[in-house]
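Input: a single structure, listed below in structure tokens.
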Amino acid sequence: MTDAPAVTEDNTQSLTIRDNRTGSEYAVPITDGTIKAADLGKIRVDEETPGLAVYDPGFVNTASCRSAVTFIDGDKGILEYRGYPIEQLAEKSNFLEVAYLLIHGALPTKAEYDAWEHEITYHTFVHENVKSFMHGFRYDAHPMGMLMASVGALSTFYPDARNIDDPANRHMQIVRMIAKMPTLGAWSFRHAQGKPFVYPDNDLSYTENFLSMLFKMSEKKFEADERLVRALDVLFILHADHEQNASTNAVRSVGSTQVDPYSAVAAGVGALFGPLHGGANEAVLRMLRRIGKKENIPSFIDGVKNGNERLMGFGHRVYKNYDPRAKIIKKSAEDVFEVTGTNPLLDIALELEKIALEDEYFVQRKLYPNVDFYSGLIYEAFQFPPEMFTVLFAIGRTPGWLAQWLELVQDKEQKIARPKQIYTGERRLDFTAASERWA
Ligand SMILES: CC(C)(COP(=O)(O)OP(=O)(O)OC[C@H]1O[C@@H](n2cnc3c(N)ncnc32)[C@H](O)[C@@H]1OP(=O)(O)O)[C@@H](O)C(=O)NCCC(=O)NCCS
């Protein structure tokens with residue numbers, strides 16, 4: 001039996017654990033609704049055996065950090081950045097102000113906002129060598145692969161970014177990254193089309209400039225319909241942060257090694273590339289196209305209920321209620337279609353949502369539309385090819401990744417991310433040299 005002492009004797013805010021292997025009892029402190037995994041590690045059978053650990057693939061019930069950036073209540077469908085409800089930010093703010101809020105933790109004064117906007121605007125250009133190496137990608141390179149590589153490559157252009165302990169230096173890299181992400185994203189798009197890269201136009205707003213770099217041809221000045229600019233800006237706001245999702249976890253995990261922020265964000269772009277994360281809206285469009293017409297919806301739903309496939313754009317690890325972002329996007333879709341004309345797939349999506357929300361299978365499992373259910377339809381209305389959808393997500397998510405990275409590098413409790421494992425392989429096998437085994 002272990003002689004480890006009880007972890008705490010205060011039982012009011014604690015969890016009493018009786019280890020039936022040894023008969024010992026422990027009172028583990030509860031703080032903020034969590035216990036420390038390290039406290040469990042003190043529970044052991046004897047000095048030789050490892051302490052008790054938690055097995056949690058996918059971190060479904062493990063808090064990896066304390067964070068003051070984003071609050072989500074998945075049961076109630078609440079999302080707040082720095083305490084401000086997403087609905088209010090989407091209605092009354094703009095993406096650059098939201099980026100400021102996420103990074104700095106508070107809304108800017110007029111002077112602070114003007115300085116921030118100026119800084120971001122004047123860092124939109126990239127080194128000419130970035131252009132050369134982006135030209136080196138194959139003609140059919142996926143724009144997410146190009147974005148991931150070019151964000152990572154920025155670390156070679158700004159080696160000073162490794163100095164992550166200096167606040168002014170951190171600020172510089174944050175400004176550079178938020179500013180350059182649309183340039184890299186737009187150029188990844190133009191490359192696939194064999195069109196010349198368009199340089200940033202610093203007279204335009206953040207989102208309008210992005211549209212200009214994407215779509216400008218020979219006209220002197222690119223002009224976009226204000227409603228489209230606003231809709232894209234709102235989409236960026238809605239994607240700006242989502243607490244500890246897979247890509248943010250990747251940014252934090254890589255950032256925990258104290259590498260420069262470009263390398264950490266490149267890891268986030270990689271994580272976002274996966275179909276279970278950023279790629280779901282593309283899957284929604286494929287699904288809607290396959291369904292083809294409303295009459296086919298019931299048989300499709302039957303297939304989903306029989307476990308043949310999933311209703312893409314439905315369900316969420318955290319939201320067990322209507323994703324608040326999906327509501328706002330549904331409204332944005334209407335605004336965009338006013339300009340571009342409607343997408344016939346919208347009717348199928350609306351009908352699919354209606355049927356699913358009334359069906360016992362989805363109701364019981366608390367499956368509601370998520371952010372991806374309608375976003376693909378909007379992106380398609382902009383004439384973005386599906387490969388670009390995740391690039392748009394990445395541009396929107398950049399301030400969130402950086403706010404989380406900033407928090408991480410200043411958090412004294414953080415350590416290099418290094419989970420445990422439960423080893424299931426062989427042990428102590430005798431090795432015979434290949435020359436003997438193959439003789
Ligand atoms: C997002 C997602 C990965 C979350 O998964 P999760 O939290 O691990 O939930 P689970 O996979 O454990 O699903 C719980 C139950 O709901 C079902 N379910 C979850 N999402 C479903 C969907 N989109 N369609 C049909 N059934 C679904 C599962 O089959 C499971 O049912 P069961 O209890 O009978 O086995 C999942 O909902 C999904 O794959 N959705 C579609 C992809 C998508 O839209 N992703 C974008 C997320 S923003």
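As the structure is a prediction and not an experimental result, all values here were calculated from the model. Read the numbers this way: they start at 1 and go in the same order the structure lists the ligands and their atoms.
In this structure, Arg286 pairs ionically with Glu282, as a charged nitrogen and a carboxylate oxygen lie closer than 4.0 Å. The pair Arg252-Glu407 meets the salt-bridge criterion, with a side-chain N (NZ, NE, NH1 or NH2) lying under 4.0 Å from an Asp/Glu carboxylate O.
What sits closest to atom 5 (O) of ligand 1 on the protein, heavy atoms only, is Arg310 NH1, 4.2 Å. Protein heavy atom in closest approach to atom 1 (C) of ligand 1: Gly315 O, 3.7 Å. Among protein heavy atoms, atom 25 (C) of ligand 1 sits closest to Val304 CG1, 3.5 Å.
In this structure, atom 35 (O) of ligand 1 is not in close contact with the protein, since no protein heavy atom lies within 4.0 Å of it. Distance screen at 4.0 Å: atom 9 (O) of ligand 1 has no protein heavy-atom neighbour inside the cut-off. Checking atom 14 (C) of ligand 1 against the protein gives no heavy-atom contact under 4.0 Å.
The aromatic ring centroids of Tyr262 and Tyr158 lie less than 6.0 Å from each other. Taking the six-membered ring for Trp, Phe314 and Phe373 have ring centres closer than 6.0 Å.
The NZ atom of Lys415 sits 12.5 Å away from the NZ atom of Lys412 when rounded to the nearest 0.5 Å.
Here the rule is side chain to side chain contact (heavy atoms under 4.5 Å, CB included) with Lys180, and of Thr398, Val126, Ile120 only Val126 fits it.
Only the side chain of Tyr361 comes within 4.0 Å of ligand 1, judged by heavy-atom distances.
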